Amino acid sequence: MTKKKVLLTRRWPQSVEARLSETYDTTLNTQDIPMSPEAIGIALNEFDAVCPTVSDKLPASIFSGGQRAQILGNYGVGFNHIDIAAATGAGLTVTNTPGVLTDCTADTALTLLLMLARRAGEGERELRAGKWTGWRPTHMMGMRLSGKVLGIIGMGRIGIATARRAQAAFGMKVVYFNRSTPSDSDLSGLDAQRLETVEDVLKAADVVSLHIPGGGANTHMMNSERLALIGPEGLLINSARGDIIDQTALIAALKNGTIGGAGLDVFEGEPDVPAELIAMENTVLLPHLGSATRETREEMGNMVADNLDAFFAGQPVPNPVS
Ligand code: DGY
């Protein structure tokens, strides 16, 4: 039987590339050069499955219907880079990789939280630049996390995992906003208070951490009015999606001291990061490392492979996106 043709738009962990290459006629992006939307559009006519990542763009214009591809096996949980309505409207099944990156993304949120609160990036920059003049009582004082309030926006899997870590490790109090109430079993062992509105959380929290999907109504959800509610001592963490925050408004808020600092793993217009954010000392900036561990990146790839295997065997896919 002829093997199905599968395209991976970027380099994937070696073990998963090997697994896919065994089962399918797999084309690898050996140079790991990002593909343009137009190139991905052409690939939809040449492959049975196209497997994009969160750094690709798949706008409505590339889905015409009648294309060869039947499935998009997205390598990542977030899918705001794909026009899902256009893809499914053109008859494609779309899958993603939920669950396997929960712990690592929560770890990254905590990394940002601790680095920002304790000014770790700033301190390391000072030391490496040879500018440290020695211990003194007023040197680089940060925020003590114990007993402070963590406000979670979006109490899904990653929001809950972040809250658990912050409470267990630092004894933080947790408040959150989520449209629906998470189940008792999801929240078991966690002492977290649900507040009525996003604004209530922003006002109550010392540190706010974002855990909602990007795109749609969440685009620029954190606008200048909401940023102002965090307050001059307050800290903002984003390990979700860059477009949730109005980046221009954030830069203004950081510059004029409306908020205390921001820890960001994601940006609007990645991989471009505004020079103003880079120049600021009250930011911690990471290059979208949320899920970047060997274990998780392999699990993500294997999850895509499981979805392709199910699809081409005529079975329901385990992780459909609709
Ligand atoms: C995702 O999967 O959506 C992350 O942003 C990258 O792992």
Side-chain angles (χ1 to χ4, degrees), residues 8-17 20 29 32 34-35 40 50-59 71-84 87 94-113 152-162 165 209-219 221-222 236-245 247 262-273 284-308 317-322:
L8 309 188
T9 64
R10 299 301 297 263
R11 217 62 234 253
W12 286 22
Q14 202 274 327
S15 64
V16 195
E17 288 187 346
L20 286 166
N29 182 348
D32 207 14
M35 291 177 67
I40 295 175
V50 171
C51 302
T53 72
V54 299
S55 57
D56 294 315
K57 300 257 173 307
L58 287 80
I71 178 166
L72 293 177
N74 183 52
Y75 184 101
V77 66
F79 46 81
N80 62 320
H81 54 291
I82 303 172
D83 190 316
I84 298 295
V94 185
T95 62
N96 71 340
T97 63
V100 291
L101 42 73
T102 299
D103 285 340
C104 288
T105 308
D107 292 348
T108 301
L110 268 282
T111 304
L112 291 168
L113 169 59
I152 302 272
I153 308 289
M155 201 65 159
R157 273 183 288 247
I158 300 173
I160 291 174
T162 301
R165 283 160 169 70
S209 192
L210 304 175
H211 299 285
I212 52 177
N218 290 342
T219 305
M221 194 275 278
M222 290 302 295
L236 176 64
I237 305 298
N238 190 8
S239 58
R241 277 295 179 270
D243 68 355
I244 299 169
I245 303 177
Q247 206 161 259
L264 308 171
D265 185 44
V266 286
F267 303 87
E268 279 198 288
E270 289 175 21
D272 295 335
V273 178
V284 174
L285 310 173
L286 297 179
H288 205 146
L289 293 179
S291 61
T293 62
R294 274 191 307 280
E295 297 86 344
T296 292
R297 290 286 166 87
E298 281 179 8
E299 282 173 25
M300 289 165 72
N302 280 314
M303 214 162 173
V304 177
D306 291 344
N307 277 284
L308 297 191
V317 290
N319 308 105
V321 168
S322 52

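The structure displayed is predicted, hence computed values, not measured ones. When a ligand or atom number is given, it counts from 1 through the structure's own listing order. Side chains are part of it too, since the values below use all heavy atoms of this structure and drop only hydrogens, waters and symmetry mates.
Within ligand 1, the atoms closer than 4.0 Å to a non-hydrogen atom of Gly78 are 1 (C), 2 (O), 3 (O), numbered from 1 in the order shown. Proximity to Gly76 (heavy-atom distance under 4.0 Å) selects the following atoms of ligand 1: 2 (O).
Defined by atom type and a distance below 3.5 Å, a donor-acceptor pair is present between the side-chain atoms of Asp56 and Thr9.
Here the side chain of Asn96 pairs a donor or acceptor atom with the backbone of Val77 at under 3.5 angstrom. Put simply, the side chain of Thr296 never gets that close to the backbone of Ala292: no donor and acceptor are under 3.5 Å apart. For the pair Tyr75 (side chain) and Thr97 (backbone), a donor-acceptor distance under 3.5 Å is absent. At least one donor-acceptor pair under 3.5 Å links the side chain of Asp32 to the backbone N or O of Arg11.
No option in Ile244, Asp243, Asn238, Leu289 other than Asn238 meets the side chain to side chain contact (heavy atoms under 4.5 Å, CB included) test with Val266.
The part of Leu101 lying near ligand 1 is the side chain, judged by heavy-atom distances below 4.0 Å. Counting heavy atoms under 4.0 Å from ligand 1, residue Val54 touches it through the side chain alone.
When hydrogens are left out, the protein atom nearest atom 3 (O) of ligand 1 is Arg241 NH2, 2.7 Å; that is the closest non-hydrogen contact. For atom 7 (O) of ligand 1, the nearest protein heavy atom (residue, atom name, distance) is Ser291 OG, 2.5 Å. Of all protein heavy atoms, the one lying nearest to atom 4 (C) of ligand 1 is His288 NE2, 3.7 Å. Val77 N, 2.8 Å is the protein heavy atom nearest to atom 2 (O) of ligand 1.
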